[in-house]
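Residue numbering restarts at 1 for every chain, and letters A, B, ... go by the order of the sequence lines. Keep in mind it's a predicted model, so treat the numbers as computed, not measured.
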There are 2 protein chains.
Amino acid sequence: MTLAEVARRAGVSAATVSRVLSGSPAVKPSMRERVLTVVRQVNYLPNVHAQALAGGRSRTLGMIVSNIENPFFLGVFMALEEHATQQEYEVLVEHTGYRRERLVASIRSMLKRRVEGLAVIVSEMDRGLIEELAAQDVPVVFYDVGRPARNITSIRVRYDRGTQRTAEYLYSLGHRRFGFVGHHAGLGPLEERKRTFTEVMERFGKGVRFATASGMDSPAGGRHAAGDLLSGTLRPTAILCANDHMAVGVLRELHDRGLRVPDDVSVAGFDNIGLAEHLCPSLTTVRIPQRMIGQLAFEALMFGDAAKPRDIVIEPELIVRESSGPAPGTNRRRRID
Amino acid sequence: MTLAEVARRAGVSAATVSRVLSGSPAVKPSMRERVLTVVRQVNYLPNVHAQALAGGRSRTLGMIVSNIENPFFLGVFMALEEHATQQEYEVLVEHTGYRRERLVASIRSMLKRRVEGLAVIVSEMDRGLIEELAAQDVPVVFYDVGRPARNITSIRVRYDRGTQRTAEYLYSLGHRRFGFVGHHAGLGPLEERKRTFTEVMERFGKGVRFATASGMDSPAGGRHAAGDLLSGTLRPTAILCANDHMAVGVLRELHDRGLRVPDDVSVAGFDNIGLAEHLCPSLTTVRIPQRMIGQLAFEALMFGDAAKPRDIVIEPELIVRESSGPAPGTNRRRRID
DNA sequence: GCGCTGGCTGAAAGCGCTTTCAGGATCATC
DNA sequence: GATGATCCTGAAAGCGCTTTCAGCCAGCGC
């Protein structure tokens, strides 16, 4: 069923049908009724491709994330989508699995679909790609692309602060041997989290020892990384994870090895995914406001001024739950509760 | 940048550019090179809307799920998408939150986008909607829509068998007081799971008592439902959950109440989401092969014959893990393991 | 040398819509 | 009753592509 056919059946012109459907006020109520009756009767659904082509706007936003199985990304997506829906926009998601070639493919795909805005929430973005994308005349917002580039709008989280607070909190509980469970190596922002960890550790000075390990962004990846960490000579009493998604596996690996959390080992995650508070033990973590990021991304895309890009910075917040406690052998009074 | 502009710069006709881009063999290599050079040079990306309109095919599949936050649905989506990508198809997802009006809106949206196939993996589908959708001339595949309709292709899981096996397994471990944690009421297939549970229980006869509770499809929902169950007069020693996603919260609620799993209470989920084996304790559950469902859905959409719809039936399989064990007070030998 | 076939290419129609533009009604105003 | 002004409507152009169709040019057999 096409618009022309609807027009024919209603005995009006295509232009009128189009106007009725787009809610134009310049059409007499009687006409409107006549058209709508036919539309309902034949269950007409306009072809979005024709609409996009003729109208020059797709009413679509795009979002690219690294790992859609990680609830953090899903949280951002849901928030973005919710706002978009209210404005009668749809949002397309693609996920890259942290692979650059898939990111490139996703970007191309979004551009071919003529999205009116693109949120790039990935860790595998590099300078070159950023420049290239920014050169397109589509509003783009980036998340977590390391230090801010001059002419793009980006949302950044102060991972350094989050890591630092977590580390200091654990230090204050008496921990001196730390482990870090990070992502597969090589990706900018993820490497940065590890670097931050290292810096914080080194700032603690001689009394502190630490080690790092990494795996895929999944519970299984966290489990393996934790295994590596625990098989080493350093026996960490506190493990920081690059994200909650991996922390799930870390908890599991500790459990498998008969180590109690938090009595023997404290664990802290990052992101505060919904699951974090439902785990046993519930997860101490750093809150990254997913809904807020989704909303900010949406607003940047829809109402942002490409001419003056924004650099949005988000401060993370430590949330202490059950998975962290005093270092073993320490005075067992809980410092925070 | 448009195809016409590329054609102009390459000194060829639009038809030739189109042929080159679609990989038509009917174009001389020298021409092809000339065109491709320009395409790369100007970084030309065809407009999918124009392609879809002119070509009459969108190279897009649609998938509607009830709850994208539930990893089960995500698993099916990932599999479907993987197969689609291999055939140069894209897949659009929408999620409904189990709300009928959102389902209707999603279907309309997919139809407007002229998807070439639609997988409807939701629980809130009713007879009327099924008929209506089946009447469209788009390949459609349904999942979990209760008893098979005559003229649609659907993928069904024998929930009854899964529930029965789980119940029998727990019964054999000495459990006599059962609880069921289900979804929010009213939705066909979900009600059915509860009904199945009830039937199985009644078949056990007088010695067995049981109760049911329900909540949202989320860990929090499971937690609340478990709370209801445990606050009742029946003190179940075994809890069956409608899905793993909710079971996570059930485990947590038990933990909160100082009940050990499986020593005091056994818990069984449904779906076998990836998380299930990484939880502490790992979750006894019924395996529903998400990847297979995604693949079957894909094949049904792409290669299925609308004229002869298929009724695909999947047998679930019980996976015993740590969350289940002998009823308290029973001989402590583990029956399985 | 002529007619034919086959391989390439371009002109043009059209996919289903939006939007401008012009014109016919309708109405108030003088 | 003429004159605009206002309101509605339809014709038509065009969005960026695909695809048919016709035509051109080689190369071939006779």
Side-chain angles (χ1 to χ4, degrees), chain A residues 1-36 38-39 42-60 88 90 108-116 136-138, chain B residues 1-36 38-39 42-60 88 108-109 111-116 136-138:
Chain A
M1 180 59 53
T2 69
L3 182 144
E5 176 65 12
V6 171
R8 200 187 58 70
R9 297 202 191 196
V12 301
S13 73
T16 297
V17 176
S18 176
R19 276 189 279 255
V20 167
L21 292 175
S22 69
S24 160
V27 47
K28 212 184 280 182
S30 60
M31 280 271 108
R32 183 186 309 283
E33 267 323 303
R34 186 133 64 99
V35 170
L36 286 179
V38 175
V39 165
V42 302
N43 198 17
Y44 168 70
L45 292 173
N47 180 325
V48 291
H49 298 113
Q51 286 183 314
L53 191 56
R57 24 185 301 143
S58 62
R59 300 203 74 83
T60 298
E88 310 248 308
E90 301 223 21
R108 291 176 59 93
S109 160
M110 292 294 184
L111 259 21
K112 292 206 297 184
R113 293 198 118 83
R114 299 301 190 262
V115 293
E116 292 178 40
Q136 304 282 341
D137 61 349
V138 182
Chain B
M1 181 57 54
T2 69
L3 181 144
E5 175 65 12
V6 171
R8 200 187 58 71
R9 296 201 192 197
V12 301
S13 72
T16 298
V17 176
S18 176
R19 278 190 278 255
V20 168
L21 292 175
S22 67
S24 159
V27 47
K28 214 185 276 182
S30 60
M31 280 271 108
R32 184 186 308 283
E33 266 324 302
R34 186 132 63 98
V35 171
L36 286 179
V38 175
V39 164
V42 302
N43 198 17
Y44 168 69
L45 292 173
N47 179 325
V48 290
H49 298 114
Q51 287 184 313
L53 192 56
R57 24 185 301 143
S58 62
R59 299 204 74 82
T60 298
E88 310 249 306
R108 291 177 58 92
S109 160
L111 259 21
K112 292 206 295 184
R113 294 197 117 84
R114 298 302 189 261
V115 293
E116 293 178 38
Q136 305 282 340
D137 60 350
V138 182

[N] phosphate, OP1 or OP2, under 4.0 Å from [X] side-chain N/O:
{"X": "Thr16(A)", "N": "dG10(D)", "value": "yes"}
{"X": "Ser18(B)", "N": "dT18(D)", "value": "yes"}
{"X": "Gln51(B)", "N": "dC17(D)", "value": "no"}

Which angle, to the nearest 10 degrees, lies between the helix axes at the two ends of the helix from dG1(C)-dC30(D) to dC30(C)-dG1(D), each defined by five pairs? 50°
Indicate, yes or no, whether a donor-acceptor pair under 3.5 Å links the base of dG10(D) to the side chain of Arg19(A).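 Answer is yes: a donor-acceptor pair is held.
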Can you tell me how far [atom2] of [N] sits from [atom1] of [X], to the nearest Å?
{"X": "Glu5(B)", "N": "dC17(D)", "atom1": "CD", "atom2": "P", "result": "11 Å"}
{"X": "Arg113(A)", "N": "dC17(D)", "atom1": "CZ", "atom2": "P", "result": "15 Å"}
{"X": "Lys28(A)", "N": "dC7(D)", "atom1": "NZ", "atom2": "P", "result": "13 Å"}

For Val20(A), check side-chain contact (heavy atoms from CB on, under 4.5 Å) against everything at least two apart and list the hits.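 Result, side-chain contact (heavy atoms from CB on, under 4.5 Å) vs Val20(A): Thr16(A), Val27(A), Arg32(A), Val35(A), Leu36(A).
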Report the nucleotide, chosen from [options], that has the shortest atom-to-atom distance to any side-chain atom of [X].
{"X": "Ala50(A)", "options": "dA11(D), dG16(D), dC17(C)", "value": "dC17(C)"}
{"X": "Val12(A)", "options": "dG10(D), dT19(C), dG16(C)", "value": "dG10(D)"}
{"X": "Tyr44(A)", "options": "dA12(C), dC17(C), dG16(D)", "value": "dC17(C)"}

